[in-house]
Amino acid sequence: MTRYFSEDTSEQAVIARLENCDDPRFRTVMEGAIKHLHAFVKEVEPTLDEWMAAIEFLTKTGQICDDKRQEWILASDTLGVSMLVDAINHRKPHGATENTVLGPFHVAGAPELQMGDDICRDGIGEPCVVRGVVADEDGNPISGAELDVWQTNGEGFYDVQQPTEQPQMNLRGKFRTGSDGAFWFKTVKPVPYPVPTDGPVGQLLEAMGRHPYRPAHIHFIVSATGFEQVTTHVFVDGDPYLESDAVFGVKDSLVLPFEQDGDAWSVTFNIGLAKAA
Ligand code: BEZ
Ligand code: FE
């Protein structure tokens, strides 16, 4: 083996430079990154123009990010990496509700509401009641569980995407279960909507021949003392985008029937929490 860099031994040449890295976990991470990056380049054999296009994509993705816009997370989401990291870190026991992506539209400090309150403040959309019980893995109700919920309005926009059109904290709220573990609130039936497409990730999706839509869903973060927090959604059964969610967030157990009774819709979403490790 030559002392210098060569096409054949490129990854070994770079990995050898980690010899003075004294953080073993960081070293493992970097070795993996270098090994797979070199394998990727050897498989694809990019032209210089293609390599430059990749650099430009990475540059633009960084440049569009600020405290409100996180294009890197969107890139990770749309390439399935967020859901893979999530799956590896949330291998749930039977009886515990599965996780899915957090997404970029969670806002801390949603109003604390009373059971049965309506989170819809703009009246846009079809009325819907959401109910369920928060329980442990064995089905025992959990008292004092907090549910932080958020969704788009009936036109498919989060309040933070339309700060001048929607009331602040529209379709957001926190609820706390009583001794029966039950919760219920009023809202509007969620609708499918596109992830932001006005940046480099939107262009990437288009170049890959992919649509940007997410199937209709309501977001939940559910937490209770002594239990692992779950970040999840309930999806509307029958939605046309369930099998092609732009961010791969759908899981069978999270797709539920929304029933129509007169003008109003309703869904029952029972939530299981795993005991904290
Ligand atoms: C969302 O469901 O809010 C979302 C998730 C990932 C990317 C964009 C939006
Ligand atoms: Fe969403």
Side-chain angles (χ1 to χ4, degrees), residues 61-62 64-87 89-90 97-110 119-122 124-126 128 130 147-163 166 169-174 185 187-206 208 210-222 229-237 239-251 253-256 258 267 269 271:
T61 299
I64 201 174
C65 289
D66 60 23
D67 59 336
K68 295 208 173 59
R69 177 80 184 246
Q70 233 309 345
E71 196 77 354
W72 280 114
I73 294 185
L74 191 58
S76 160
D77 292 345
T78 52
L79 293 174
V81 178
S82 302
M83 281 304 290
L84 180 57
V85 173
D86 192 75
N89 283 278
H90 297 107
T97 298
E98 293 190 279
N99 259 64
T100 189
V101 272
L102 173 67
F105 298 118
H106 177 251
V107 172
I119 61 171
C120 178
R121 294 159 189 246
D122 67 359
I124 297 177
E126 300 179 64
C128 180
V130 180
L147 298 105
D148 187 350
V149 303
W150 70 104
Q151 66 170 85
T152 64
N153 70 358
E155 291 173 345
F157 295 100
Y158 287 93
D159 55 352
V160 288
Q161 293 177 293
Q162 295 187 314
Q166 291 191 39
M169 296 290 177
N170 192 27
L171 293 149
R172 298 178 189 275
K174 285 185 184 169
F185 61 91
T187 182
V188 290
K189 188 176 182 234
V191 294
Y193 66 88
V195 300
T197 54
D198 56 342
V201 173
Q203 288 173 349
L204 183 67
L205 286 174
E206 196 177 337
M208 290 190 288
R210 286 175 50 183
H211 71 71
Y213 281 87
R214 297 217 62 208
H217 58 272
I218 305 174
H219 293 258
F220 288 74
I221 297 177
V222 185
Q229 176 173 292
V230 64
T231 298
T232 193
H233 307 351
V234 60
F235 292 95
V236 181
D237 195 12
D239 187 284
Y241 297 107
L242 285 172
E243 281 169 23
S244 62
D245 181 3
V247 304
F248 305 94
V250 181
K251 294 182 176 176
S253 65
L254 305 178
V255 179
L256 292 179
F258 279 58
V267 62
F269 183 37
I271 295 167

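Counting from 1, the numbers follow the sequence of the chain as shown. Counting starts at 1 for both ligands and their atoms, following the listed order. These numbers were taken from a predicted model, which means no experiment stands behind them.
Nearest approach of Arg121 to Asn170, heavy atoms of both residues: N-OD1, 2.6 Å. Considering all non-hydrogen atoms of both residues, Ser253 and Glu98 come closest at OG-OE1, 2.6 Å.
Among protein heavy atoms, the minimum distance from atom 8 (C) of ligand 1 is reached at Pro104 CD, 3.4 Å.
Each of Asp148, Val230, Thr232 was checked for a side-chain contact (heavy atoms from CB on, under 4.5 Å) with Phe220, and the lone residue meeting it is Thr232.
Side-chain atoms of His217 and Asp245 form no donor-acceptor pair, as typed in the model, at a separation below 3.5 Å.
Here is the list of ligand 1 atoms found below 4.0 Å of a heavy atom in Phe105: 3 (O), 9 (C). Interface of Gly103 with ligand 1, defined as ligand atoms under 4.0 Å from a residue heavy atom, comprises 4 (C), 5 (C), 6 (C). The ligand atoms of ligand 1 that sit less than 4.0 angstrom from a heavy atom of His219 are 1 (C), 2 (O), 3 (O). Every atom of ligand 1 with a heavy atom of His217 under 4.0 Å away is listed here by number and element: 2 (O).
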Steps toward side-chain contact (heavy atoms from CB on, under 4.5 Å) verdict (Thr97, Phe269): CA-CA 10 Å; Thr97 298; Phe269 183 37; 4.2 Å; yes

Going through the distances and angles, do Thr152 and Leu171 end up as a side-chain contact (heavy atoms from CB on, under 4.5 Å)? CA-CA 7 Å; Thr152 64; Leu171 293 149; over 6 Å; no

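Rounding to the nearest 0.5 Å places OH of Tyr158 at 10.5 Å from CG of Asn153.
Aromatic rings of His219 and Phe105 (six-membered ring for Trp) have centroids beyond the 6.0 Å cut-off, not under it.
Among the atoms of Tyr158, an N, O or S atom falls under 2.8 Å from the Fe ion (ligand 2). Among the atoms of Thr152, no N, O or S atom falls under 2.8 Å of the Fe ion (ligand 2). Taking 2.8 Å as the threshold, His233 does not count as a candidate ligand of the Fe ion (ligand 2), since none of its N, O or S atoms lies below it.
Checked by distance only, ligand 1 and His233 stay at 3.5 Å or farther apart across all their nitrogen or oxygen atoms. Polar contact check, Asp77 against ligand 1: no nitrogen or oxygen pair lies under 3.5 Å apart.
Residue His217 approaches the Fe ion (ligand 2) most closely through its N/O/S atom NE2.
Vertex the Fe ion (ligand 2); arms to His219 atom NE2 and Tyr193 atom OH; angle 170° (nearest 10°).
No part of Thr78 comes within 4.0 Å of ligand 1, judged by heavy-atom distances.
Asp77 and Arg214 are not joined by a salt bridge, as no carboxylate oxygen comes within less than 4.0 angstrom of a charged side-chain nitrogen.
At least one heavy atom of Tyr193 sits closer than 4.0 Å to an atom of ligand 1.
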